[in-house]
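For reference, the structure is listed below as structure tokens.
Here, residue 1 is the first one in the sequence, and each next residue gets the next number.
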Amino acid sequence: MKAIHINGATLEYKTQTGGIVRALNNVSLDVEDGEFIALLGHNGSGKSTLAKILNGLLIPRLGDVEIFGVNTKDSSKIFEIRSNIGMVFQNPDNQMIASIVEDDIAFGPENLGIPREEIIKRVDWALEKVGMSEHKKATPFKMSGGQKQRIAIAGILAIKPRIIVFDESTAMLDPQGRKEVLEVAKQLNKEENITIIWITHYMDEAVDADRVAIMNDARIVAIDTPQNIFRRTDLIESAGLDLPLPLAIANSLREIGLPLEGDILTEKALEEELCKTLK
């Protein structure tokens, strides 16, 4: 069974002046259980709206959204859907509930009616998974942005979702914080088989995904492997995006005659290819 099945989803907003803005335009997307999908697009392309239709925060006017075969239009199943899909948003401060880390992480399972003994196990497990076990008794509001976001992820993990959507979750972090959060997401995908939807406008965060989807004008205009997507420079430019920096550097070097080979999407790949070529 597919983790996510979106078929022809269309959603519109009314503006203050009475006009209509189409936030999603006939969007279709299938995501397999255990996949890591990166969703790229400029501001206003529809990325966050797509995230909100996944757990029923928004219901499309046309089309259907199914999470493990359950349609989000079935209001009697919305609790089941939201138990299966967790959301990590931009600002970790907006997701903090309690003044102590372990209490914050326990909040979700408590609201699901999980027995106390199981909650204690889940809190410890979630903290271990995000590398924050030593901060169990700490105050989250005194932590760095990257640490706060890892606590937010632990709070989602404690409800044991099968899908986690990261909606621009690194946008407010410094480079080190971005790296920490992305590594946690990759680890959860590989070790726990959690399906990851990684929404971002940082190209370098998408290069290790199983597939990359590009959004533009409220539509998914392309979806493919990172290698195939980033070969299409015309597509990237038309969507208002940039190439990953290592690839942009490699292309510039090729233009002046350096015979670099292969798909160079990471700093490590660029370093290795430069050393090989310059020898």
Side-chain angles (χ1 to χ4, degrees), residues 1-15 19-89 156 159-169 185 188-189 193-201 206 209-230 232 235-236 238-241:
M1 181 181 294
K2 296 184 186 301
I4 297 169
H5 173 64
I6 304 175
N7 182 31
T10 297
L11 189 143
E12 298 164 339
Y13 294 110
K14 283 187 178 180
T15 65
I20 299 293
V21 174
R22 184 161 286 188
L24 293 178
N25 185 10
N26 194 29
V27 170
S28 295
L29 175 67
D30 285 326
V31 179
E32 299 295 332
D33 190 13
E35 261 198 298
F36 192 120
I37 301 289
L39 185 62
L40 305 178
H42 61 78
N43 289 338
S45 62
K47 304 189 304 297
S48 290
T49 303
L50 190 149
K52 290 172 184 174
I53 68 170
L54 293 178
N55 72 345
L57 284 173
L58 296 173
I59 303 297
R61 182 177 65 83
L62 299 173
D64 294 287
V65 180
E66 294 179 358
I67 305 300
F68 292 106
V70 180
N71 198 306
T72 59
K73 290 179 178 176
D74 186 349
S75 58
S76 68
K77 296 293 183 71
I78 202 69
F79 184 83
E80 178 184 341
I81 290 169
R82 290 177 181 170
S83 297
N84 274 324
I85 184 164
M87 308 279 287
V88 181
F89 297 102
I156 296 299
I159 67 174
K160 297 243 175 150
R162 298 168 69 184
I163 303 168
I164 300 180
V165 179
F166 292 82
D167 186 9
E168 300 275 12
S169 302
L188 293 172
N189 175 248
N193 199 43
I194 295 175
T195 303
I196 302 293
I197 307 297
W198 186 269
I199 300 173
T200 185
H201 59 268
D210 296 320
R211 290 188 295 160
V212 174
I214 303 290
M215 288 201 74
N216 193 20
D217 294 331
R219 297 181 299 113
I220 292 180
V221 296
I223 182 165
D224 208 331
T225 63
Q227 291 77 12
N228 289 339
I229 284 290
F230 290 121
R232 299 177 58 182
L235 169 70
I236 300 300
S238 66
L241 302 173

Heavy-atom closest pair, residues D217 and N25: O-CB, 4.5 Å

Pairwise distance CD1(I197) to CD(E35) - rounded to 0.5 angstrom: 8.0 Å

Separation of I4 CD1 from I163 CD1 (nearest 0.5 Å): 4.0 Å

Interatomic spacing from CD1 in I199 to CG in L40 - rounded to 0.5 Å: 10.0 Å

K47 versus S45, closest heavy-atom pair with distance: CG-OG, 3.4 Å

Check against side-chain contact (heavy atoms from CB on, under 4.5 Å), I20 and K14: CA-CA 5 Å; I20 299 293; K14 283 187 178 180; 3.6 Å; yes

Non-hydrogen side-chain atoms of D64 and K73 separated by less than 4.5 Å: yes

Donor-acceptor under 3.5 Å (D33 side chain, K2 main chain): no

Side-chain touch I236/I229, heavy atoms, less than 4.5 angstrom: yes

Which atom of V31 lies closest to which atom of R211, heavy atoms considered: CA-NH2, 4.1 Å

Audit row: L235, V221, side-chain contact (heavy atoms from CB on, under 4.5 Å) steps and yes/no: CA-CA 9 Å; L235 169 70; V221 296; 3.8 Å; yes

List the atom pairs, donor and acceptor, that lie under 3.5 Å between side-chain atoms in residues 77-89 and the rest of the protein, sequence neighbours left out.
unit_1 : atom_1 : unit_2 : atom_2 : d
R82    : NE     : N55    : O      : 2.8
R82    : NH2    : G56    : O      : 3.2
S83    : OG     : F79    : O      : 2.8

Side chain N189, main chain G34, donor-acceptor under 3.5 Å: yes

Donor-acceptor contact present, side-chain S28 to main-chain N7, <3.5 Å: no

N/O donor-acceptor pair under 3.5 Å between K52 side chain and L58 backbone: no

Rounded distance [0.5 Å steps], CD1 in I194 versus CZ in R162: 11.0 Å

Minimum-distance pair of heavy atoms, taken over all atoms of M215 and L50: SD-CD1, 3.9 Å

Criterion side-chain contact (heavy atoms from CB on, under 4.5 Å) on I37 and I196, from CA distance to verdict: CA-CA 6 Å; I37 301 289; I196 302 293; over 6 Å; no

Value rounded to 0.5 Å, distance of CG in L24 from CZ in R219: 12.0 Å

D30 side chain to H5 backbone, donor-acceptor under 3.5 Å: no

Heavy-atom side-chain proximity of I223 to I214 below 4.5 angstrom: no

Minimum-distance pair of heavy atoms, taken over all atoms of A206 and P226: O-CG, 3.7 Å

Closest heavy-atom pair and its distance - I6, V27: CG2-O, 3.3 Å

With F166 via ring pair (Phe, Tyr, Trp, His ring centres under 6.0 Å) - residues at least two apart: W198

